Protein chains: 2
Amino acid sequence: MKKYTIKDIAELAGVSKGTVDRVIHKRGKVSPAALEKVTKLLEEIDYQPNLIARSLKNTKSYHICVIQPDPKIDPYWQPCTNGVNDAINEYNSFGITIDSYFFDHTDTHSFLEVNKTVLKQSPDAVLITPVFHKESIEVIKIYNENNIIVSTINDPLELNGITNYVGQDLTQSGRIAARLMEMIVPKNRTILIIHLDEVFNNSIHMQLKEKGFKNYLERIPNSNYNLKTCSLQQTDLDQKLHDLLSKPNDISGIFVTTSKVYSVAEIVEDFPDLDIKIVGYDLLDDNIKYLKNNAIDFLINQNPKHQAYLCITQLAEYFLFDKKIPRQKLLPIDIINSENFDGYTHN
Amino acid sequence: MKKYTIKDIAELAGVSKGTVDRVIHKRGKVSPAALEKVTKLLEEIDYQPNLIARSLKNTKSYHICVIQPDPKIDPYWQPCTNGVNDAINEYNSFGITIDSYFFDHTDTHSFLEVNKTVLKQSPDAVLITPVFHKESIEVIKIYNENNIIVSTINDPLELNGITNYVGQDLTQSGRIAARLMEMIVPKNRTILIIHLDEVFNNSIHMQLKEKGFKNYLERIPNSNYNLKTCSLQQTDLDQKLHDLLSKPNDISGIFVTTSKVYSVAEIVEDFPDLDIKIVGYDLLDDNIKYLKNNAIDFLINQNPKHQAYLCITQLAEYFLFDKKIPRQKLLPIDIINSENFDGYTHN
DNA sequence: TTGAAAGCGCTAACAC
DNA sequence: GTGTTAGCGCTTTCAA
């Protein structure tokens, strides 16, 4: 019932606050007698330190640098930025400053440059979005050498040199798409898997998603879907897909492994006689538009905003209250249709 | 960059900390000259008080009572209890004590009794789960008279006398079920809407869900689903549903508006020749079992755990850091299938 | 090995 | 009106 403080414990044990503190923090220099008495008391009482008081002492202010792709170049990253901004507002009254740095997600050089700038700041932690696998591993090494905590979202980089990762299970995400396809696409038809993105970007993502997708569908007895994979550049998409759909075909489903689903939906709309179901990723405004009129059937929400926000939250609570940071946090994978997107975009 | 404190402001303005504090809290008794100087300085500097220091001062410990249906009687409520327990652990180091009280969700009397007990504790806030609409309104009135904050989950009770509500849009939730049905049930077939629960329980829920469900399907051009509603007691279900399915019929979908979906799935499994899609609510272990083998096609997650946890979080941050409590928080409505349930149950 | 004391930033009571 | 001061619970330094 009553909240016991260090002072209470000290009085009960007949020692000073200092001694109690030494016991609590195992800092030694305590006589066996005192040690035992205090330890026993702490247990009996189930002493819980007041975390607010503890962190007040720590007047140090912490500095987190966030390195993200520039949402002005690829709007997919906008939610990420929003999540970071939420965290900035949430924690600036608690002595945690968070600075955002942007790079061009098509340009490894800009990524490396930004990291150099950040390194000069010697922050307490960095949050990086590792769209460039190789370069990310390089910079993480340097941060590690400088005792800077590294967090990532989106890509776990096998968790090497990383303190915490917040993201999703990408293989499973492919399986989910496959299960949805199974429910809405008749058996024996052709399903297209389209990888659609810049050359460098996210390649690991697409591979894992494809793996999960195929893996699920291949294990269904007697379904006999015919799976075709196309890796396309945005610029080629229009012509290639038009060609495919113009010829006689039995394509009844398209799985787009990135967020550029709208550009596929746009083309499919030119073929109103074909009944093609589309499943893809992320709640971009353009995607929602096609989801609303059922041109896109399902979207899978990778929740970049929450990924970014949660990741910073974990760092902040570690700095402030010494909370343990979970090495890896896998977020649920949301299935979105024309009726429930609202709850996810308005958060 | 630098974190300014009240002391800094005081020095810069050439006044004392006390005066600065009076200005910040608009407590008057400040000369116009000092008022202006300090106000200006505060703005220029964009002063943010250190919330940790502020709340340390407040050594008062807060008391929240949570009143829920007993999960031992209806396991649906177990996640709720888990959410509450998470909050208990999270906040007990911050001087917030949370006590759980349980009632029998089939017995209004037990609900009223528990509320009497809680009232005697005169807590700072109560979180109630209003399964009994009328009785809830009564007790809320009494809490209001005693200046006890009232929070609810699950049912907003038109927000009368309530400080915050955390829940979902139930009509929309019915629409989501309808959209899913539309995708997996052929046109012109019969869809059953089954309300399955104790007499008193959740009646508003079921009505709103049915409304949304019908509302969506009736607006689809040329779909001509034949909708049939059945309000059943758990005890009657077995016989009535067997009767229905044994006769020749074109039932191809069943929408269960409560969490007892498994009991419907169990019966439908006795008719392997019929291809009946089932959509219902909540991630009970029994439901998951049927979801895994595709006997249940979709579940809609009402996320009772998160509802409870979030609601308490809001109260706690109000007490600790004076954060504003949002009047109403509508959670996203999760669509769950056999492949993504994992991310929602392991949280 | 121990206790006393100062101080983190903010608040509020009190004396002038 | 204003400044001073004590104190929230915890940590840490310093002197004993």
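Within every chain, numbering begins at 1; the chains are lettered A, B, ... in the order of the sequence lines, protein sequences first and strands thereafter. None of the values given here were measured: they were computed from a predicted structure.
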Say whether, by atom type as modelled, one donor and one acceptor occur between the side chain of [X] and the main chain of [Y] under 3.5 angstrom.
X: A:Ser110; Y: A:Asp104; result: yes
X: B:Ser55; Y: A:Ile52; result: no
X: B:Asp124; Y: B:His63; result: yes
X: B:Gln307; Y: B:Gln302; result: yes

Mind calculating the distance between [atom1] ([X]) and [atom2] ([N]) to the nearest angstrom?
X: B:Asp8; N: C:dC8; atom1: CG; atom2: P; answer: 11 Å
X: A:Glu36; N: C:dT1; atom1: CD; atom2: C1'; answer: 17 Å
X: B:Glu11; N: C:dG9; atom1: CD; atom2: C1'; answer: 13 Å
X: A:Leu56; N: C:dC10; atom1: CG; atom2: C1'; answer: 9 Å
X: A:Phe319; N: C:dC8; atom1: CZ; atom2: C1'; answer: 19 Å

Discussion item. If you apply the rule side-chain contact (heavy atoms from CB on, under 4.5 Å), what do you find for B:Phe103 with B:Ile128, and how did you get there?
Written reply: CA-CA 11 Å; B:Phe103 64 92; B:Ile128 64 176; over 6 Å; no
Item to complete: Using the closest heavy atom to pick a nucleotide of DNA chain D for each, name whichever of B:Asn58 or B:Gly14 lands nearer the 5' end.
Response: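 In this pair, the answer is B:Gly14.
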Practice prompt. Can you check each nucleotide of nucleotides 10-16 of chain D against protein heavy atoms at under 4.0 Å and return B for base, S for sugar-phosphate only, - for none, in 5' to 3' order?
Written response: BBB----
Worksheet item: With respect to the phosphate group of C:dG3, does any side-chain polar atom (N or O) of A:Thr19 fall under 4.0 Å of OP1 or OP2?
Response: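 Answer is yes, contact under 4.0 Å.
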Worksheet item: At what angle, to 10 degrees, do the two end axes of the helix from C:dT1-D:dA16 to C:dC16-D:dG1 meet, given five pairs define each axis?
Response: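 Inter-axis angle at the termini of the helix from C:dT1-D:dA16 to C:dC16-D:dG1: 60°.
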Worksheet item: So, B:Tyr344 versus A:Asp334: side-chain donor-acceptor pair below 3.5 Å or not?
Response: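 The criterion, which ignores hydrogens and geometry beyond distance, is satisfied for A:Asp334 and B:Tyr344.
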Worksheet entry | Presence of salt bridge, A:Asp21 and A:Arg27, under 4.0 angstrom |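 Yes, charged N to carboxylate O under 4.0 Å.
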Item to complete: Decide, yes or no, whether a salt bridge links B:Glu90 with A:Lys323 under the criterion of side-chain N to carboxylate O below 4.0 Å.
Response: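 Salt bridge: yes.
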Worksheet item: Who passes side-chain contact (heavy atoms from CB on, under 4.5 Å) against A:Ser16, sequence neighbours left out?
Response: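 For A:Ser16 the side-chain contact (heavy atoms from CB on, under 4.5 Å) partners, ignoring immediate neighbours, are A:Thr19.
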Practice prompt. Between D:dG3, D:dC8, C:dG3, spot the one nearest the side chain of A:Val15, thanks.
Written response: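 Between D:dG3, D:dC8, C:dG3, the one nearest the side chain of A:Val15 would be C:dG3.
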